[in-house]
Amino acid sequence: MSFETILVEQKGAVTLITLNRPKALNALNSQVCAELVAAFAAFEADETQGCAVLTGSGEKAFAAGADIKEMADKPAADFFLQDFFADWQAKLVKTTRKPWIAAVNGFALGGGCELAMMADFILAADTAKFGQPEIKLGVAPGMGGSQRLTRAVGKAKAMEMCLTGRMMGAVEAESAGLVARIVPLADLLDDALKTAQTIAEMPRMAAIANKEMVNAAFETTLDQGLLHERRLFQILTASADKAEGMAAFVEKRAAQWQGR
Ligand code: HXC
């Protein structure tokens with residue numbers, strides 16, 4: 001598969017996907033949208049791959065938002081009829097069952113922040129800056145910012161950021177719960193790949209189930225979420241990897257996972 005706006009590499013069991021429009025600060029256009037959908041579908045389908053990392057090329061930006069130059073003259077009817085950027089929710093977030101990490105290496109603004117928040121978690125460079133500055137363009141978040149940012153950092157900060165367009169640095173983002181960890185920029189990719197490798201080496205069914213049950217916390221009542229968790233736990237007890245994992249613990253040896 002060949003792409004023009006992203007780079008896709010396999011590093012052992014980890015797929016590294018790099019947004020690759022550095023001159024435009026990795027702005028997200030329709031081609032990036034389609035290519036990312038295809039790259040994530042390939043990652044999901046490839047049994048040798050257990051976790052993915054999404055990052056931006058260059059040291060300045062993860063992604064500075066949807067491509068303003070592409071949007072500037074686009075008629076409103078086209079945004080509506082094409083259901084602009086709806087594909088990432090339907091064909092990327094919903095269909096990627098294996099875990100993936102956003103390694104945010106600089107600006108993550110507008111659609112860039114929204115894309116990072118679609119990941120299972122964010123690792124942020126100490127230089128990362130997050131924001132939803134769409135209001136300054138006369139619009140508003142359009143691919144999840146008002147919903148995911150609010151769930152991540154709460155109403156006060158999300159509302160302030162959307163209404164003023166101000167950016168949040170890495171330290172504030174970590175203390176607000178938007179990012180899992182801060183890493184010096186020079187170490188970000190290595191750290192993200194190592195973290196992804198750790199996840200990729202986990203028993204595959206358990207990794208998918210863990211992701212699914214944490215995500216259920218955002219979609220259900222507590223009772224429904226707890227039931228979902230218990231049922232997934234109970235299903236995992238039937239897996240070969242549960243038998244192996246528990247036997248290995250008792251026998252004080254390393255587990256040999258089958259991924260099922
Ligand atoms: C297109 C962009 C871009 C964007 C930067 N560039 N952001 N092109 N779309 N979102 C381009 C610039 O035009 C410029 O190209 C080059 O990248 C470098 O950017 P500069 O502005 O010269 O860099 P700098 O002065 O360092 O400022 C960095 C910045 C600024 C603060 C990140 O670029 C900025 O404010 N960008 C826009 C951020 C934004 O508003 N994002 C939200 C977009 S709306 P040239 O060719 O001129 O040198 C959105 C909606 C999502 O995301 C919902 C959709 C459904």
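For ligands, and for the atoms within them, numbers begin at 1 and follow the listed sequence. Just so you know, these numbers come straight off a predicted model, no measurement behind them.
The closest approach between any non-hydrogen atom of Glu114 and ligand 1 is below 4.0 Å. For Met71, the heavy-atom gap to ligand 1 drops under 4.0 angstrom.
Taking 4.0 Å as the cut-off between side-chain N and carboxylate O, Lys129 and Glu172 do not count as a salt-bridged pair. One finds no salt bridge joining Arg204 and Asp241 here, because no Lys/Arg side-chain nitrogen approaches an Asp/Glu carboxylate oxygen to under 4.0 Å.
Protein heavy atoms are absent from the 4.0 Å sphere centred on atom 20 (P) of ligand 1. By the definition of a contact as any protein heavy atom under 4.0 Å away, atom 52 (O) of ligand 1 is in contact. At a distance under 4.0 Å, a protein heavy atom can be found next to atom 23 (O) of ligand 1. Distance check for atom 9 (N) of ligand 1: a protein heavy atom is found below 4.0 Å. There is a protein heavy atom closer than 4.0 angstrom to atom 13 (O) of ligand 1. Using a 4.0 Å threshold on non-hydrogen atoms, atom 34 (C) of ligand 1 does not count as touching the protein. Atom 55 (C) of ligand 1 is approached by the protein to below 4.0 angstrom, counting heavy atoms only.
For Arg253, the CZ atom counts as densely surrounded, since its 6.0 Å shell holds more than 12 non-hydrogen atoms of other residues, nucleotides or ligands. The number of heavy atoms from other shown groups lying within 6.0 Å of CZ (Phe79) is above 12. Residue Gln234 qualifies as enclosed at atom CD: its count of foreign heavy atoms under 6.0 Å is above 12.
Here is the list of ligand 1 atoms found below 4.0 Å of a heavy atom in Leu109: 32 (C), 38 (C). Remark: ligand 1 atoms within the under-4.0 Å shell around heavy atoms of Phe84 are 55 (C). Taking a cut-off of under 4.0 Å to the non-hydrogen atoms of Ala27, the atoms of ligand 1 that pass are 1 (C), 4 (C), 9 (N).
For the 3.5 Å distance criterion, the side chains of Arg181 and Thr195 qualify, holding a donor opposite an acceptor. No side-chain N or O of Asn105 forms a donor-acceptor pair with one of Thr127 less than 3.5 Å apart. Side-chain atoms of Gln82 and Lys74 form a donor-acceptor pair, as typed in the model, at a separation below 3.5 Å. When only modelled atom types and interatomic distance are considered, Thr221 and Asp223 share no side-chain donor-acceptor pair under 3.5 Å. Side-chain N/O atoms of Glu4 and Asn20 include no donor and acceptor closer than 3.5 Å.
We find the CE-CG distance between Met213 and Leu236 to be 6.0 Å, quoted to the nearest 0.5 Å.
Residue-to-ligand polar distances place Lys60 within reach of ligand 1: an N/O pair is separated by less than 3.5 Å. Remark: ligand 1 and Gly111 share an N or O pair separated by less than 3.5 Å (distance only, no angle test). Between Ile68 and ligand 1, at least one pair of N/O atoms sits closer than 3.5 Å.
Of the candidates Leu137, Leu25, Val139, Leu137 brings a heavy atom nearest to atom 43 (C) of ligand 1. Compare Ala64, Gly110, Ala72, Gly65 by their heavy atoms: the one nearest to atom 38 (C) of ligand 1 is in Ala64. Looking at Ala66, Gly142, Ala86, it is Ala66 that brings a heavy atom closest to atom 49 (C) of ligand 1.
Residue contacts with ligand 1, taken as heavy atom pairs separated by less than 4.0 Å, involve Lys23 solely via the backbone atoms N, CA, C and O.
Residue pairs meeting the side chain to side chain donor-acceptor pair (under 3.5 Å) criterion with at least one member in residues 91-100: none, sequence neighbours excluded.
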Quick one, Glu9 with Thr15, criterion side chain to side chain donor-acceptor pair (under 3.5 Å). Give me CA distance, side-chain angles, the key distance, then yes/no.
CA-CA 6 Å; Glu9 301 156 76; Thr15 300; over 6 Å; no
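Nearest to atom 46 (O) of ligand 1 among the protein's heavy atoms is Lys69 NZ, 3.3 Å. Among all protein heavy atoms, the one lying closest to atom 2 (C) of ligand 1 is Ala24 O, 3.8 Å.
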